[in-house]
Protein chains: 2
Amino acid sequence: MVTIAAKREFKCPVTGMLQLIGGKWKPVILYCLRSEKRRFGEIAARIPDLSRKVLTQQLKELEEDGLVTRKQYNEIPPRVEYELTDLGKSLAPVLNEMEKWGLENIINKQ
Amino acid sequence: MVTIAAKREFKCPVTGMLQLIGGKWKPVILYCLRSEKRRFGEIAARIPDLSRKVLTQQLKELEEDGLVTRKQYNEIPPRVEYELTDLGKSLAPVLNEMEKWGLENIINKQ
DNA sequence: TTTACATGTTACCTAAAGGTAACTAGTTAC
DNA sequence: GTAACTAGTTACCTTTAGGTAACATGTAAA
C-alpha cells in the first residue's frame, strides 16, 4: 500500500482515497476505532483473522497517512493506544455507509 | 478476490462487504458505471491505469457477485455493455461518500 | 530461575494481484 | 491482401500482500 507520503496526482477522487484506505484490512481497523481509542491487543482481539504483524504494518501506514495517532505509555508491560485523528474521524460517513450496506446486503442474507 | 459464490459467514459487515468491492479497482469501476451503462472500451478509457486483462477479470467477478450485468451484442466489431444491477445501484451511498471524501481531502489538497 | 505480561520486530515463505506482450475473431475500408 | 475495428484470451513474469514462527523487552509473581 502506498502511503500519502508517496503522494501523486489523482484525477479520480475514488482512486485517490483507495490509496489511503484500500487493502484488505484498513477499513476494518478504522471501523474498529470509530467510536473509541483502543489498545493494540484490543484491536487484535476484535479482528481475529488479522495477524499481529500485518496489524502493526497497517497501523503504521495509517499513522503515516495521518488517519490515526499512536500513543505509547512507557509502562511494564507496555501499553499502546490508537485513536482516530480528525482526518480519520472524517471517514465516518464512508464507514457508516459501508456498515449499513454490509448489514443489509450481507449479514441479513446469511 | 473471493466472489460471493465462495461465500462464508461474516460477523463484521465491513469485512463482508470488502469481499465484494475490495481490491484496487472495483470501487473505481462501480463508480464509473454509477450513472450510466458503458461499453468495455469506454470503461478502459476512463481508467487508463487499469490494464484490459484486469478489467475483464474484475468485471467478471462483479458480474458473478450480482453487481453488474453484461450485455453482449453480436455485431461486428463486437459491442459489450456493462450496467449496474439493483444491488450494484444500492452501493451508490457508499460510492458517493467515498467520492465526497476524496474530493475534500485529496483532490482539493493537491 | 522460569513464566507471564503486551507490543512489537525479524527472517523467511506462499499466495494473490496485477502487469506486458502477443494472439484471436469477422467484417469493412484502403 | 493488408490494416483497423472491439473485446477479449493466453502465457508468462513481477510485485505486493499477507502468513507463520521465533525472538526481544523489563518487571513481577510463582
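None of these values were measured; they are calculated from a predicted model.
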Report task. To the nearest Å, give me how far apart CG (A:Asp49) and P (C:dA15) are. Result -> 18 Å

Query - Integer-rounded Å distance: D:dT14 C1' and B:Lys53 NZ - result: 11 Å

Query raised in the report: Between D:dG8 atom P and B:Gln72 atom CD, what is the distance in whole Å?
Result: 7 Å

Query - Side-chain N or O of B:Arg39 closer than 4.0 Å to phosphate OP1/OP2 of D:dC5 - result: no

Query - Distance, rounded to the nearest Å, where A:Arg52 contributes CZ and D:dA17 contributes C1' - result: 19 Å

**Report entry** Minimal non-hydrogen separation, B:Cys32 against B:Arg46, with atom names
**Finding:** SG-CD, 3.7 Å

Query - Minimum side-chain heavy-atom gap A:Tyr73-A:Val80 below 4.5 Å - result: no

Query raised in the report: Looking only at heavy atoms, what is the nearest atom pair of B:Gln58 and B:Ile29, with distance?
Result: CB-CD1, 3.6 Å

Requested in this report: Tell me which nucleotide among D:dG8, C:dT7, C:dG18 gets nearest to the side chain of B:Val54.
Outcome: C:dG18

Report task. Whole angstrom is fine here: how far is it from CG in A:Asn74 over to C1' in D:dT27? Result -> 14 Å

Query raised in the report: Roughly how many Å is it from CD1 in A:Ile76 to P in D:dG26, rounded to a whole number?
Result: 7 Å

Query raised in the report: Are any non-hydrogen side-chain atoms of B:Arg70 and B:Glu81 less than 4.5 angstrom apart?
Result: no

Requested in this report: Check whether any side-chain nitrogen or oxygen of A:Gln58 sits under 4.0 Å from OP1 or OP2 of D:dG18, and answer yes or no.
Outcome: yes

Report task. Answer yes or no: is there an ion pair linking B:Arg38 with B:Glu83, defined by an N-O contact shorter than 4.0 Å? Result -> no

Report summary line: Comparing nearest nucleotides in DNA chain D, the 5'-proximal residue of the pair A:Leu50, B:Gln57 is B:Gln57

Query raised in the report: Closer to the 5' end of DNA chain C via nearest nucleotide, is it A:Lys60 or A:Pro77?
Result: A:Pro77

Query raised in the report: Which whole-number value in Å describes the distance from A:Leu55 CG to C:dG8 P?
Result: 8 Å

Query raised in the report: Are A:Ser51 and D:dG18 close enough that a side-chain N or O sits under 4.0 Å from OP1 or OP2?
Result: no

Query raised in the report: Considering only D:dA7, C:dG8, C:dG18, which nucleotide approaches the side chain of A:Phe40 most closely?
Result: C:dG8

Query raised in the report: CD of B:Glu42 versus P of D:dG8: gap in Å, rounded?
Result: 13 Å

Query raised in the report: Just checking B:Tyr73: base, sugar-phosphate only, or nothing, at a heavy-atom cut-off of under 4.0 Å?
Result: nothing

